[in-house]
Amino acid sequence: MEKPSFIPIRSLSIEIFNFEPNISKRYLSADLIISHAGAGTVLEVSRLQKHHIIVGNPLLMDNHQIELMEAMHSRGHCIGVASASALRKIFGDTDILSKDILQLKPRPKCRESALFDELLDLIG
C-alpha cells in the first residue's frame, strides 16, 4: 500500500516521503522539520532557523545521535526525542506539542565553521 502524501492530525498536516534528492528545498518550505539526529541534518536545519524535532537513534555506535539531540534540546533549540515511539507520544497531545514549539529558540546566525566547531565540542 502506498503511503499518503499528507496525513491530517487535528489541525496539523504532515507530508511523508521516502527520499528527496533536494531536501534543502523541502526544508525551506517547512514550518516544522522532524529528522534524525545526524550532525549534517542538525547543522542544516539550525542554519535555516527552523522549528525542529530531532529523533535520536539509540542503536547507533556510542549513542552519538542521542548526545547531539540532548545537547540541542537542553539549549532549547529543538524538541528532542530518543525514539520513534517517543515521537508518537508527542503527536498524541498536540497542545503540548504547540506549547513546546512556541518555546523553541532559533540558533543565532553565525559563521558555519563556528557552529560546526560548537557541534564537535558538544558531541565530544
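For reference, positions follow the sequence shown, starting with 1.
Ile54 pairs in a side chain to side chain contact (heavy atoms under 4.5 Å, CB included) with only one of the listed residues (Gln65, Met72, Glu70), which is Met72. The only member of Ile79, Ile53, Val45 that meets side chain to side chain contact (heavy atoms under 4.5 Å, CB included) when paired with Ile34 is Ile53.
Atom CD1 in Ile23 sits 9.0 Å away from atom OG in Ser35 (nearest 0.5 Å). Interatomic distance, Ile33 CD1 to Tyr27 OH, rounded to the nearest 0.5 Å: 6.0 Å.
Put simply, the side chain of Lys50 never gets that close to the backbone of Asp31: no donor and acceptor are under 3.5 Å apart. Counting only distance, with no hydrogens or angles, the side chain of Asn57 and the backbone of Leu59 share a donor-acceptor pair below 3.5 Å. Judged by distance alone, the side chain of His36 and the main-chain N or O of Val55 form no donor-acceptor pair under 3.5 Å.
Counted within 6.0 Å of CG on Asn22, heavy atoms from surrounding residues, nucleotides or ligands total more than 12; the atom is thus considered enclosed.
Nearest heavy-atom pair across Met69 and Gly80 is SD-CA, 3.3 Å. Here the shortest heavy-atom pairing between Ala86 and Val81 reads CB-CB, 4.0 Å. Closest approach of Gly56 and Ala37 over heavy atoms only: CA-CB, 4.1 Å.
No hydrogens or angles considered: nothing links the side chains of His77 and Ser46 as a donor-acceptor pair under 3.5 Å.
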Glu44 and Arg47: side-chain contact (heavy atoms from CB on, under 4.5 Å), yes or no, with the steps? CA-CA 5 Å; Glu44 186 170 3; Arg47 185 182 316 124; 4.1 Å; yes
